[in-house]
Amino acid sequence: MLPIELRQAKVCDVDFLIEAIIEAEKSGSDKISYCTLFDLSEQELKAILRNILAEDIEGQQLCISGFAVVCVGDKAVATCCSWIEGQDGMSSSIITGSLLGEYIPDLNFKIGAEKNDLLKSIHIEREKGSLQIESVYTRPEFRGKGFIRKLIQYHCKNKSENQKGVDKIQIIVAESNTSAFTAYQKMGFSISNKVVGNSDLMKYLPSCSRLVLESKINLFI
């Protein structure tokens with residue numbers, strides 16, 4: 001049996017991290033929200049994500065050092081990203097939005113900006129001081145092995161050791177992603193908030209409703 005390693009992500013993992021970000025955005029659908037909102041091809045999006053990840057700016061979901069990965073042998077097979085919301089006084093949505101504005105071509109960014117009012121209807125303000133989990137992904141052939149639980153435990157352990165007073169962990173999921181919701185429930189997460197947006201969002205997103213799932217860090221340590 002090949003050895004299993006759990007470690008922080010490295011620059012050499014970027015292609016896999018981009019795959020994870022895109023698949024997480026799909027949430028079990030065929031819609032990549034970055035592409036539909038900004039009128040980008042998947043290849044254009046990959047190039048943009050590569051540039052943003054290279055900046056490695058912490059406190060948000062598009063940051064190499066925020067990811068941990070599970071490797072089977074020398075192959076990365078599962079990953080997720082984490083950060084403490086608002087740790088440096090700025091919300092993750094502002095940081096990510098600034099990075100997207102820097103690397104998405106002006107015309108495409110303007111196309112996305114025209115949908116701001118629509119997106120506000122489904123916006124969730126992440127809770128300051130909580131551990132946020134994003135871009136959760138396991139390659140299909142390695143699912144059902146408990147790798148996501150191990151990754152969440154890894155993030156919780158690291159953050160609790162380095163950041164005192166952090167006791168809450170949150171994950172935002174599309175309500176339509178029932179398989180993810182069921183899996184998180186089995187891990188001990190429960191719904192703390194639900195936001196239902198304008199139905200026109202279905203043109204661009206996998207779902208027009210989102211769930212905030214919440215648990216305590218000490219359950220994973």
ask   = Are any of the side-chain nitrogens in Glu134 or Arg126 under 4.0 Å away from the carboxylate oxygens of its partner?
value = yes
Checklist entry - Under 3.5 Å, is there a donor-acceptor pair linking the side chains of His123 and Glu125? => result yes
Only residue of Ser92, Ser130, Ser91 satisfying side chain to side chain donor-acceptor pair (under 3.5 Å) with Glu85 is Ser92
(message) Using a 3.5 Å distance criterion without hydrogens, assess whether the side chain of Asp88 forms a donor-acceptor pair with backbone atoms of Met90.
(response) no
Quick note, side chain to side chain donor-acceptor pair (under 3.5 Å) partners involving residues 110-119, not counting sequence neighbours, are none
In residues 48-57, what donor-acceptor pairs under 3.5 Å come from side-chain atoms, sequence neighbours left out?
residue, atom, partner, partner atom, Å
Arg50, NH1, Asp15, OD1, 3.2
Arg50, NH2, Asp15, OD1, 2.5
Asn51, ND2, Ala47, O, 3.4
Glu55, OE2, Tyr103, OH, 2.5
Asp56, OD1, Ile64, N, 2.9
Asp56, OD1, Ser65, N, 2.8
Asp56, OD1, Ser65, OG, 3.2
Asp56, OD2, Ser65, OG, 3.4

Query raised in the report: Does a salt bridge link Glu19 with Lys46, judged by any charged N lying under 4.0 Å from a carboxylate O?
Result: no
Taking the six-membered ring for Trp, are Phe189 and Phe220 ring centroids under 6.0 Å apart? yes
Check your understanding: Any chance CG of Asn218 has more than 12 other-residue heavy atoms, nucleotides or ligands included, within less than 6.0 Å?
Key -> yes
Q. With the threshold set at 4.0 Å, does a side-chain nitrogen-carboxylate oxygen contact exist between Lys194 and Glu175?
A. yes
Under 3.5 Å side-chain donor-acceptor pair for Tyr154 and Gln8
yes
In short, side chain to side chain donor-acceptor pair (under 3.5 Å) pairs touching residues 178-191 with sequence neighbours left out are Asn177-Ser179
